[in-house]
Structure formats: structure tokens, C-alpha cells
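Quick caveat: nothing in here was measured; it's all calculated off a predicted structure.
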Amino acid sequence: MKRYVLRMVVAIACMLCLTISVGVPTQAAQLPRLNLKSLDLTKGTTFTIRVYNLADDETASFKSTDLDVCSIESTAEDKKSVVIYGKAVGKANLKVKIKKNGIVTSTLKCRIKVAPVPVSIKFTESTINLIEGRQYFIDAIIKPYSATETPVFESSNEDVAVVNVRGLVTAVAPGRATITATLLSTGKTATCTVVVKESTGEE
């Protein structure tokens, strides 16, 4: 019996030593990546592309495949981000070469589409009637149709109706509210009146 107990103690001690010597496996290093794989830009606007997980001994160089469509406006001092500018309507790629000790280890790419500046925006409906508690997607038409800018939605009275970034209106309480969609590039707006009626519990 004593020998059995002794063997068990020795076995457990060996297992503990093995665990301590091996330790917890270290997490694999994350590879460099861009904050976006594709980007829709409006002509005349800029956006910052960033490289994540760049090691201290790695560098990044940025290049546009079509400088007439998309150009590089500035690069950060740490070479981890670049500001790109949409010059003309069209498509281009931003290629980012990752180098270590002067040798290219990988190439990252972001697909860029430059769309025209929107000239107008309007809602398909001028008035929406909702029962409190109900929701409704308000549809905004932007021209030209190839424009990709997303308008900013606002409610004039969030005690009556609220709207999210996608244009989903939620009726909160009886009353009236005006929903406004604004194109930040031009300042053009569209408005729609939301009339919220009290719920009778029978709808």
C-alpha cells in the first residue's frame, strides 16, 4: 500500500513538473491587416486606412493602382495609416506592402469605389402614420443613383418618434415629429412627417 501511495505521489509530481516546464502556450502573433477590405468614397472626400498588428520591425508602404481615381493625400509618421482622396468617379485598389528587414512579407489590398457627389435627396412619402410601438423603414431616394453616400437621419421630437442610422423609425408616443435626412457632402436635406397614434390594443 505504501509503495502504491509513493508511486502516485511521484506520478503527480512528474505531471506538475511537466506542466511547469511546458507552461501555457503563447498566443500566435496576429498578422497585419487593414481596417477595411473595401471602401465606398464620395468624390472629393477623404478617408483614413489603417494597418493593424504591424510589428516594430515591420514597415508598410502604400500605393494606389489608379492615381486619377484615388490618390494618397498623406501618410502618418509611423507609417501605420494613410489618408486617401477620392479624385474622380471610378474604381481603384490601395495596395499595402508589408516589409521586414527590407523584404516584402505580404501585400494587403483595399478595393476602393469613388462615387459621384449626390445632387438631391427625397423621401418616397411625405407623411407616415404609425401606431405607438410600431416601426417603419423610411426610404430615401438619392440621385444620381450611383451615389453611395449614406444620409444622417434625425428626429425633431424623440419623445414621439426616434430614427436610427439606417432610417428605421420607431413610434414612441402619440404626437407629431419631423424626420430629416441630411447629405453631409452637400448639406441637402429631405423631410417627412411622422404622425403617431395611440395604441388601442386591437391592432
Side-chain angles (χ1 to χ4, degrees), residues 28-126 137-155 163-169 178-192:
Q30 292 183 317
L31 297 176
R33 65 177 180 86
L34 300 179
N35 57 332
L36 289 175
K37 291 185 178 179
S38 62
L39 171 67
D40 287 336
L41 265 181
T42 298
K43 180 182 175 182
T45 62
T46 61
F47 192 85
T48 301
I49 298 290
R50 293 182 174 85
V51 182
Y52 292 146
N53 306 326
L54 196 65
D56 293 337
D57 59 349
E58 292 178 322
T59 59
S61 60
F62 304 88
K63 180 181 179 181
S64 170
T65 58
D66 192 336
L67 291 173
D68 292 330
V69 172
C70 174
S71 64
I72 295 174
E73 190 167 89
S74 63
T75 304
E77 291 184 7
D78 58 7
K79 306 294 184 182
K80 291 185 179 181
S81 63
V82 63
V83 177
I84 55 176
Y85 174 71
K87 292 179 65 176
V89 176
K91 296 179 180 180
N93 289 323
L94 177 70
K95 290 188 175 182
V96 184
K97 290 185 177 181
I98 306 300
K99 294 182 180 181
K100 186 173 183 179
N101 300 323
I103 300 174
V104 177
T105 56
S106 63
T107 301
L108 310 177
K109 183 173 72 172
C110 177
R111 296 182 298 274
I112 299 170
K113 179 182 178 182
V114 180
V117 177
V119 297
S120 67
I121 181 173
K122 67 177 182 178
F123 287 126
T124 54
E125 300 171 81
S126 59
F137 268 109
I138 189 167
D139 191 20
I141 298 176
I142 299 173
K143 291 185 178 180
Y145 295 114
S146 55
T148 58
E149 182 177 347
T150 301
V152 176
F153 294 94
E154 293 180 297
S155 171
V163 60
N164 70 6
V165 294
R166 296 179 296 145
L168 178 63
V169 178
T178 299
I179 302 299
T180 303
T182 304
L183 295 171
L184 297 181
S185 63
T186 61
K188 295 183 180 297
T189 62
T191 58
C192 175

Exercise. Determine whether V169 and S155 make a side-chain contact, defined as any pair of heavy atoms from C-beta on separated by less than 4.5 Å.
Key: no
Quiz item: What residues form a side-chain contact (heavy atoms from CB on, under 4.5 Å) with T75, not counting sequence neighbours?
Solution: F62, I72, K79, V82
Quiz item: S185: what forms a side-chain hydrogen bond (donor to acceptor under 3.5 Å, both in side chains) with it, not counting sequence neighbours?
Solution: E149
Quiz item: At what distance, to the nearest 0.5 angstrom, does OG1 of T105 lie from CD1 of I103?
Solution: 9.0 Å
Quiz item: Once you round to the nearest 0.5 Å, how far does CG of L108 lie from CZ of R33?
Solution: 10.5 Å
Quiz item: Counting distance only, does the side-chain N/O of S106 pair as donor-acceptor with the main-chain N or O of I98 below 3.5 Å?
Solution: no
Quiz item: Where do P118 and T186 come nearest, in terms of heavy atoms and distance?
Solution: O-CG2, 3.5 Å
Quiz item: Is the backbone N or O of V83 less than 3.5 Å from a side-chain atom of T46, with the two atoms forming a donor-acceptor pair by type?
Solution: no
Quiz item: Does the side chain of I84 come within less than 4.5 Å of L39's, by heavy atoms?
Solution: yes
Exercise. Please say which of T150, V117, V89 ends up in a side chain to side chain contact (heavy atoms under 4.5 Å, CB included) with T42.
Key: V117
Quiz item: Who are the salt bridge (Lys or Arg N to Asp or Glu O under 4.0 Å) partners of D56, not counting sequence neighbours?
Solution: none
Self-check item: Any donor-acceptor N/O pair, N53 side chain to L31 backbone, under 3.5 Å
Solution: yes
Practice problem: Starting at NZ of K87, measure out to OG1 of T45 and round the result to the nearest 0.5 Å. | Solution: 14.0 Å
Quiz prompt | N164 side-chain N/O to R166 backbone N/O, donor-acceptor pair under 3.5 Å | solution = yes
Quiz item: Which distance, rounded to the nearest 0.5 Å, do you find between the CD1 of I112 and the OG1 of T65?
Solution: 8.0 Å
Quiz item: Which value, rounded to the nearest 0.5 Å, describes the distance between T124 atom OG1 and F137 atom CZ?
Solution: 13.0 Å
Practice problem: Specify the closest pair of heavy atoms between S64 and C70, including all atoms of both residues, with the distance to one decimal. | Solution: OG-O, 2.5 Å
Quiz prompt | Gap between atom CG of L34 and atom SG of C110 - 0.5 Å precision | solution = 6.5 Å
Self-check item: Closest non-hydrogen atom pair between I142 and A147, with its separation
Solution: CG2-CB, 4.1 Å
Practice problem: Could you tell me whether a side-chain N or O of D66 sits under 3.5 Å from a main-chain N or O of A92, the two making a donor and an acceptor? | Solution: no
Quiz item: Is N35 close to I49 at the side-chain level, that is, under 4.5 Å between some pair of heavy atoms?
Solution: yes
Practice problem: Heavy atoms only: give me the nearest A190-F123 pair and the separation to one decimal. | Solution: O-CE1, 3.4 Å
